[in-house]
Engineer: 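Dumping the structure here so I can ask a few things about it.
Keep in mind it's a predicted model, so treat the numbers as computed, not measured. For ligands, and for the atoms within them, numbers begin at 1 and follow the listed sequence. Below, all heavy atoms of this structure are taken into account, side chains as well, without hydrogens, waters or symmetry copies.
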Amino acid sequence: MSALPKVYINGKFYDKPDAKVSVYDHALLYGDGVFEGIRIYSGKAFKLIEHVARLFESARSINLEIPLSQEATIKAINDTIAINNKIDGYCRPIVTRGAGSLGLDPRRCSDPQVIVIVDDITMYPPDLYENGMEIATVSTIRNHPNALNPRIKSLNYLNNILAKIEGIQAGCLESLMLNHKGEIAECSGDNIFLVKGGVIRTPSIDSGILEGITRNTVIDLARNNGYTVEELGLTRHDVFIADECFLTGTAAEIIPVTKCDARVIGSGKPGPISCELREAFFKLVRE
Ligand code: PMP
C-alpha cells in the first residue's frame, strides 16, 4: 500500500502534496462546483452508477458541463481506487467550475477540474453505533429549495457547516435541520429516519433534502424485508414520539439516534428495526 494517496486531476495522478488547483478556480472563490462521496467496500465503489448519475445531475442543475462522459468518470474513479490499492475507504469526486476572473460570471471560467480523491474516513466513534447518538435541532434552517436546492450536492456546504457548528456547540456530533416550513428536513450530512408502530418514515424529497443514496438503499432494503416505508412531511413532534430513529449517509452508513434535543427517543437504546436494517445494509455492502 502506498503511503501517499494519489489524487486524480484531469487525467493525471499526483501525490497528495502536489494535488493542487488554481486560487482563481471559482470552486475556491465561490464554492462553485459539485462533488460526491462514495464508500469503497472490498475494493469496489458502492452504488457507483447512482453516485455518478447524481454528480451529473448536480452539475446539470448548476449549468456546469463536466468534460467527461459518465462512463469516463466511472473509469477515472475506478482507476483512482485501483492506483491507491484501496480495499475499504472513501472516494471523493469533485468537479470545479475552473479558473476564472474575480467576478461571478461563470462564462469567464475555463478548464473545469475533475478531481478524484481516495482516502480513509471515520465519521463517528464506534460506541455511538452500538449505543446510539444524540442529535440537536438547530436554528439554521436547510436551504430553501428555491434558493439553492438541497438536491444539488454543491461545493457550497456553508448551510450544513453552520448547522454542524451549532450542533457541536450543543454537544452533539450531528444537527437536525428544519426546512422553511418548520418540518424536519435532514441532518448536516445525513438523512433521518423514524420508526413508529413498525412503520418506517422519512422526510420526502420535497421536504428539501439531498436524495441520499444510502437513504434510497435503506428504503429498498426495508421494503424488501416487508416493512412499510412512508416518505412524507414530518415534524419534531414525530421525532419526540418515535419508537426509533436512525441516520443514513455514505460516510455514516446507518447510525442509531437515541436522543434528540436532550429527550430520550423510544427506549433510549438502538431499536430492533434500526439494528435489523444495519445488519441488512452490511450484508448488502459485503456482497
Ligand atoms: N444529506 C446531506 C446534506 C449530505 O451531505 C449527505 C451525504 N453526506 C446525505 C444527506 C446522505 O447522502 P448519501 O447517502 O448519498 O451519502
Side-chain angles (χ1 to χ4, degrees), residues 31 33-41 45-59 61-62 77 89-94 117 119-124 129 133 135-138 140-145 147-167 172-180 183-194 200 202-222 229 231 234 245-255 257 274 277-278 280-282 284-285:
V34 294
F35 76 104
E36 273 299 319
I38 310 173
R39 274 263 176 191
I40 304 158
Y41 295 108
F46 183 64
K47 299 275 177 192
L48 180 55
I49 291 170
E50 288 83 348
H51 280 285
V52 170
R54 189 172 66 183
L55 181 74
F56 275 72
E57 285 183 3
S58 295
S61 188
I62 67 162
I77 291 169
Y90 183 81
C91 174
R92 168 65 54 88
I94 302 161
I117 304 171
D119 212 328
D120 300 319
I121 194 162
T122 316
M123 266 309 258
Y124 304 119
Y129 286 87
M133 78 184 300
I135 61 174
T137 311
V138 294
T140 302
I141 63 163
R142 192 72 178 101
N143 281 330
H144 192 299
L148 175 56
N149 199 314
R151 293 186 72 180
I152 304 167
K153 203 164 167 62
S154 86
L155 290 175
N156 191 324
Y157 247 51
L158 262 185
N159 179 227
N160 313 58
I161 290 166
L162 291 177
K164 180 94 182 172
I165 290 168
E166 275 191 82
C172 294
L173 289 179
E174 188 51 294
S175 313
L176 178 57
M177 303 176 82
L178 307 178
N179 66 18
H180 58 284
E183 299 164 339
I184 62 169
E186 61 181 335
C187 291
S188 68
D190 301 308
N191 292 115
I192 185 165
F193 283 77
L194 304 174
I200 299 167
T202 193
S204 57
I205 303 303
D206 62 16
S207 298
I209 61 169
L210 180 74
E211 186 175 359
I213 287 165
T214 321
R215 170 189 183 275
N216 289 348
T217 305
V218 167
I219 290 173
D220 288 346
L221 277 177
V229 183
E231 298 175 62
L234 293 163
C245 175
F246 61 89
L247 310 181
T248 65
T250 293
E253 299 171 306
I254 301 181
I255 185 159
V257 173
S274 313
L277 291 174
R278 243 193 109 212
F281 181 77
F282 282 117
L284 177 76
V285 302

Engineer: Please list, chain by chain and in numerical order, all residues satisfying side chain to side chain contact (heavy atoms under 4.5 Å, CB included) with Ala222, sequence neighbours excluded.
Structural biologist: Ile200, Tyr227, Val229, Leu277

Engineer: Sequence neighbours excluded, which residues qualify as side chain to side chain contact (heavy atoms under 4.5 Å, CB included) partners of Glu253?
Structural biologist: Arg39, Tyr41, Phe281, Phe282

Engineer: Report yes if the side chains of Ile213 and Phe46 come closer than 4.5 Å at any heavy-atom pair, otherwise no.
Structural biologist: no

Engineer: Scan side-chain atoms only and decide if Asn156 and Ser154 contain a donor-acceptor pair under the 3.5 Å cut-off.
Structural biologist: no

Engineer: Looking at residues at least two apart in the chain, or sitting in another chain, which of them share a side chain to side chain donor-acceptor pair (under 3.5 Å) with Arg151?
Structural biologist: Glu211

Engineer: For ligand 1, find each of its N or O atoms that sits under 3.5 Å from a protein N or O atom, and tabulate the pairs with distances to one decimal place.
Structural biologist:
unit_1: ligand 1; atom_1: 1 (N); unit_2: Glu186; atom_2: OE1; d: 2.6
unit_1: ligand 1; atom_1: 5 (O); unit_2: Lys153; atom_2: NZ; d: 3.3
unit_1: ligand 1; atom_1: 5 (O); unit_2: Tyr157; atom_2: OH; d: 2.4
unit_1: ligand 1; atom_1: 8 (N); unit_2: Gly189; atom_2: O; d: 3.0
unit_1: ligand 1; atom_1: 14 (O); unit_2: Ile213; atom_2: N; d: 3.3
unit_1: ligand 1; atom_1: 14 (O); unit_2: Thr214; atom_2: N; d: 2.9
unit_1: ligand 1; atom_1: 14 (O); unit_2: Thr214; atom_2: OG1; d: 2.5
unit_1: ligand 1; atom_1: 15 (O); unit_2: Arg54; atom_2: NH1; d: 2.8
unit_1: ligand 1; atom_1: 15 (O); unit_2: Arg54; atom_2: NH2; d: 3.0
unit_1: ligand 1; atom_1: 15 (O); unit_2: Ile213; atom_2: N; d: 2.7
unit_1: ligand 1; atom_1: 16 (O); unit_2: Thr250; atom_2: N; d: 2.9
unit_1: ligand 1; atom_1: 16 (O); unit_2: Thr250; atom_2: OG1; d: 2.6

Engineer: Would you call Glu231 and Arg215 a salt bridge, using N to O less than 4.0 angstrom?
Structural biologist: yes

